[in-house]
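Here is the structure we will look at.
Letters go in sequence order (proteins before strands), and every chain restarts at 1. Quick note: numbers below take in every heavy atom, side chains included, and nothing from hydrogens, waters or symmetry partners.
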Amino acid sequence: MTAHSFALPVIIFTTFWGLIGIAGPWFVPKGPNRGVTITMLVATAVCCYLFWLIAILAQLNPLFGPQLKNETIWYVHFLWE
Amino acid sequence: MGSMFRSEEVALVQLFLPTAAAYACVSQLGELGLVEFRDLNASVSAFQRRFVVDVRRCEELEKTFAFLQEEVRQAGLTLPLPEGALPAPLPRDLLHIQEETDRLEQELRDVRGNRQALRAQLHQLQLHSAVLGQGHGPSLAASHTDGPLERTPLLQSPGGPHQDLRVNFVAGAVEPHKAAALERLLWRACHGFLIASFRDVEQQLEGPVTGEPATWVTFLISYWGEQIGQKIRKITDCFHCHVFPFVEQEEARRAALQQLQQQSQELQEVLGETEHFLSQVLARVQRLLPPWQVQIRKMKAVYLALNQCSVSTTHKCLIAEAWCATRDLPTLQQALQGSSSEAGVSAVVHRIPCRDMPPTLIRTNRFTASFQGIVDAYGVGRYQEVNPAPYTIITFPFLFAVMFGDVGHGLLMFLFALAMVLAENRPAVKTAQNEIWRTFFEGRYLLLLMGLFSVYTGFIYNECFSCATAVFPSGWSVAAMANQSGWSDAFLAQQPLLSLDPNVTGVFLGPYPFGIDPVWSLAVNHLSFLNSFKMKMSVILGVTHMTFGVVLGVFNHMHFGQWHRLLLETLPELVFLLGLFGYLVFLVAYKWLRVTAASAASAPSILIHFINMFLFSSSPTNRPLFSGQEVVQPTLVVLALAMVPVLLLGTPLFLHREHRRCHSRRRQQPDKDTAGLLDLPDTSLASQGSDEEKAGCPGDQAEAEFVLSEVFMHQAIHTIEFCLGCISNTASYLRLWALSLAHAQLSQVLWAMVMRAGLSLGGEMGVAAVVLVPVFAAFAVMTVAILLVMEGLSAFLHALRLHWVEFQNKFYSGTGYKLSPFTFAVEGE
């Protein structure tokens, strides 16, 4: 219904998870748990970023579109758009 | 500190404990829980060890304690938990405890015996008074009359000459379930010669043995004839009836009754006093027993530990060998100094080199403990090998969430875990005994993270209780398609299903910025899209996870100084894995980025390309993805296959060459002392990762058993396992797709069949609102039972399997053992 850019979400999310995964470890306070906390931050950033990236890349160039029932088409066309 | 990344350094120490201070030292060590004793007397049986007498004394005391505890329990009281610090008692205090315990036991036994006897007596008296007190009806009215009964015969006896016989009585009491049988037998045996009357006692009497109330039946039998009398007595004996003397005269009976009542009252007073004394004794036991139990348990543990020490030749001190973390050595020194200085002697501790593999010690806090627990459930790591637990803290909840992804379910799980975490310090929660609750409670941090990640993956999958939410507007435009394809109302009415074509301009406006586009939840072919997306996602996540596992193996090789393995094992493994399956990931990503809808009809199939890659063939109908693909693919396959012999033969040949070089070097310098270096012993399966394999020459001929065939065998197994495992493990990650599909479908069915059916009920608003209440109740119960509990357990299990098998077999051996220190703390306290 609305145009979505591809570059903007990529920039936003890369920055976001990059801050957590790359910049975050510098701010972890010294203590017995520093190693584990840094590992957790980096692992979270990598896992979540990768998962989001896969989801957006899979929808970048769709080879087929959704197949809708005629009731759905009528409803969406005339009531939403 | 990084102490969770591999095991802490553990050293073997030797303790010299002077005999005078040995008990105190070991007791102090038990309080601290620092060291694990090694059994130096393994060849000696339990009955021949030095302190066996003391251990036996403790065990006998424990037997008495068990008896006392049983008595307390039978009386319906509970033992309070012991408070405060209770150190192990000195041997001379043991005598005092023993005396007290024996005295208590004796008193208890006496009092119980007395009480038993008194109760039995009371029971008899009560029965007797019941028998005498019961009236047995008009048939025996004649008993009121004094004088001989011949004047007014009760019954016309069958034979005239018998009229001068006296009527005699037998009175007694019988248990209720025997009364009918007794009556029948009496009638069969002697009918015509007796009259029997049975009456229930009005009040229930407590049986002396069991204390349970029972209703006894009293009987009064009047008979004539001596032989009948004997028969009756035999019958009543046989039925174990209590028979009491029955006097005919009313007055005498009344006097006897009064006397009985007086006696039973006195007896009850005595019984009351006995009970009072018994409760006093029990109160003393309640007070004294719990601390004694703790103290004797500690004493026994100390003696068992002392039994493991060997005696020095001068018999002046005990020698003990123990494992201790290097970090705790100063504390150990201090503790020994402290406890042995009281006796005026000093205990010595020093480190000795060890040949065996030390135990593994990883310190965890309450957050990391559950993650370390699930790694240890597979196998405790070898000494100082890489510990997968810190990475598991995130990857395990993440893989669980990939299979469980739903915002609503994830939120419920997160809130449940949050409640447990916030309430974790409450005593009621900590001391709960229910097994299932304890299992959930121990894993509360695990559940917390699992719920949190599930919320995230739920947003990406765009599923909240199976409904999609349009946080951003959808990127697909139905209006554009309808306008450009001329979909009029009439046309729509004829076609039940129509597709949106991305090739038409304005239909597809760009990828949804966060997650899956909500239009797919309205589509009939949503599974076609989701399946393709989830399968590719599973392969990508799987290859990433496995590559990470191989890379972790690098840290193992570096730590143990096995540099050759970096080149001869890790590198070939990475080339094989990434050359084949990394290339697959590349193909997937390339197709996502480069193949557009314009060429959708002739889009290349990755699957066919991948199959043809291995078969070195090509399909003419499948166009290549990128130029040069027909060169790149065979190159990669040949490269990967070339890595197999490197993996198979590299390490064994290298080790063989090293072994020969050391041998020849030693032969040239036979008298060179090579002590001080650890061996290069059997490089067979067991010590493949041990720190004994440091570079060096064998110090002792006998230890340098390098069996080439064993090494080859081991390496062959490893190669086959890795190469075949690459393929099967990558396919195994497809369970991420399978389980997330199952979860999505189950939750959709539940929504459509239960909640949507309830919400779409027609009728007035009041009626619909009332009907919605049970509908929602059913929805909620089934959500929790099926989707949260069942699916949650299922996803948990599969995520666990992925970690244990697919991830850990790339680098983890898990054949170590934990350091279990000698401590007085009991599990669960």
Side-chain angles (χ1 to χ4, degrees), chain A residues 1-13 16-17 20-21 28 30-81, chain B residues 1-5 368 390-391 393-395 398 402 456-457 460 472-479 482 487 489 492-493 495-502 507-517 519-520 522-526 528 533 536-537 540-541 544 589 592-593 595-597 600 603:
Chain A
M1 276 177 252
T2 49
H4 294 298
S5 78
F6 176 61
L8 188 60
V10 170
I11 293 172
I12 294 176
F13 281 102
F16 177 69
W17 291 117
I20 293 184
V28 175
K30 286 204 206 312
N33 295 324
R34 189 183 152 97
V36 175
T37 315
I38 292 179
T39 310
M40 281 172 65
L41 281 174
V42 174
T44 311
V46 167
C47 288
C48 293
Y49 179 64
L50 186 63
F51 198 62
W52 167 83
L53 190 66
I54 293 173
I56 196 169
L57 284 180
Q59 298 178 97
L60 190 57
N61 293 314
L63 297 178
F64 60 92
Q67 191 182 42
L68 303 169
K69 288 203 289 226
N70 51 4
E71 302 164 351
T72 314
I73 297 174
W74 183 86
Y75 194 89
V76 172
H77 188 194
F78 287 99
L79 289 176
W80 284 359
E81 297 190 61
Chain B
M1 180 192 302
S3 68
M4 213 185 150
F5 290 99
T368 52
Y391 317 103
I393 297 179
I394 294 297
T395 56
F398 176 68
V402 169
Y456 179 77
T457 56
I460 302 258
F472 304 96
S474 167
W476 292 81
S477 169
V478 174
W487 286 353
D489 279 358
L492 281 181
Q495 303 281 342
L497 292 171
L498 285 165
S499 288
L500 298 181
D501 186 356
V507 175
F508 175 64
L509 299 166
Y512 195 70
F514 190 72
I516 303 288
D517 201 302
V519 78
W520 288 106
L522 300 169
V524 170
N525 63 345
H526 72 288
S528 305
F533 157 65
K536 293 176 180 174
M537 165 203 77
I540 295 175
L541 289 179
T544 313
W592 274 343
L593 287 169
V595 178
T596 59

**OP:** Decide side chain to side chain contact (heavy atoms under 4.5 Å, CB included) for W592(B) and L60(A); before the verdict, give the C-alpha distance in whole Å, the side-chain angles of both, and the deciding distance to 0.1 Å.
**Re:** CA-CA 7 Å; W592(B) 274 343; L60(A) 190 57; 5.9 Å; no

**OP:** Answer with yes or no whether the side chains of D517(B) and S474(B) bring together a donor and an acceptor at under 3.5 Å.
**Re:** yes

Original post:
Which answer fits P9(A), side chain, backbone, both or neither, if we ask what part of it has an atom under 4.5 Å from a heavy atom of chain B?
Top reply: side chain

Subject >> Min side-chain heavy-atom separation I20(A)-L41(A) under 4.5 Å >> reply: yes

Subject >> Heavy-atom contact with chain A under 4.5 Å, split by part of A493(B) >> reply: backbone

Original post:
In terms of heavy-atom proximity below 4.5 Å to chain A, should D489(B) be classed as side chain, backbone, both, or neither?
Top reply: side chain

Original post:
At a heavy-atom separation under 4.5 Å, does N525(B) approach chain A through its side chain, its backbone, both, or neither?
Top reply: both

Original post:
So F13(A) and F16(A), would you call those rings parallel, tilted or perpendicular, with 30° and 60° as cut-offs?
Top reply: perpendicular

**OP:** Select, from I73(A), V42(A), I38(A), V10(A), the one with the greatest count of heavy-atom pairs under 4.5 Å involving chain B.
**Re:** I73(A)

**OP:** Could you have a look at L497(B), T368(B), L541(B) and say which one has the most heavy-atom pairs with chain A under 4.5 angstrom?
**Re:** L497(B)

Original post:
Going through the distances and angles, do K69(A) and Y75(A) end up as a side chain to side chain contact (heavy atoms under 4.5 Å, CB included)?
Top reply: CA-CA 10 Å; K69(A) 288 203 289 226; Y75(A) 194 89; over 6 Å; no

Subject >> Region of I516(B) in contact with chain A, defined by heavy-atom distances below 4.5 Å >> reply: both

Subject >> Heavy-atom contact with chain A under 4.5 Å, split by part of I393(B) >> reply: side chain

Original post:
Which atoms of T72(A) come close to chain B, meaning under 4.5 Å heavy atom to heavy atom: side chain ones, backbone ones, both, or neither?
Top reply: side chain

Subject >> F51(A): which of F514(B), F398(B), F533(B) passes ring-ring contact (aromatic ring centres under 6.0 Å, His included) >> reply: F398(B)

Subject >> Toward chain B, the part of L50(A) with a non-hydrogen atom under 4.5 Å >> reply: side chain

Original post:
Using non-hydrogen atoms only, which part of L498(B) is less than 4.5 Å away from chain A: side chain, backbone, both, or neither?
Top reply: both

Original post:
With respect to S477(B), which candidate in L500(B), V519(B), L509(B) satisfies the side-chain contact (heavy atoms from CB on, under 4.5 Å) definition?
Top reply: L509(B)

Subject >> T544(B) versus chain A, the contacting section by heavy-atom distance below 4.5 Å >> reply: side chain

Subject >> Y512(B) portion near chain A, given a 4.5 angstrom heavy-atom threshold >> reply: both

Subject >> Closest non-hydrogen atom pair between G21(A) and A45(A), with its separation >> reply: CA-CB, 3.5 Å

Original post:
What residue in A600(B), G510(B), P496(B) has the most heavy-atom pairs under 4.5 Å with chain A?
Top reply: P496(B)

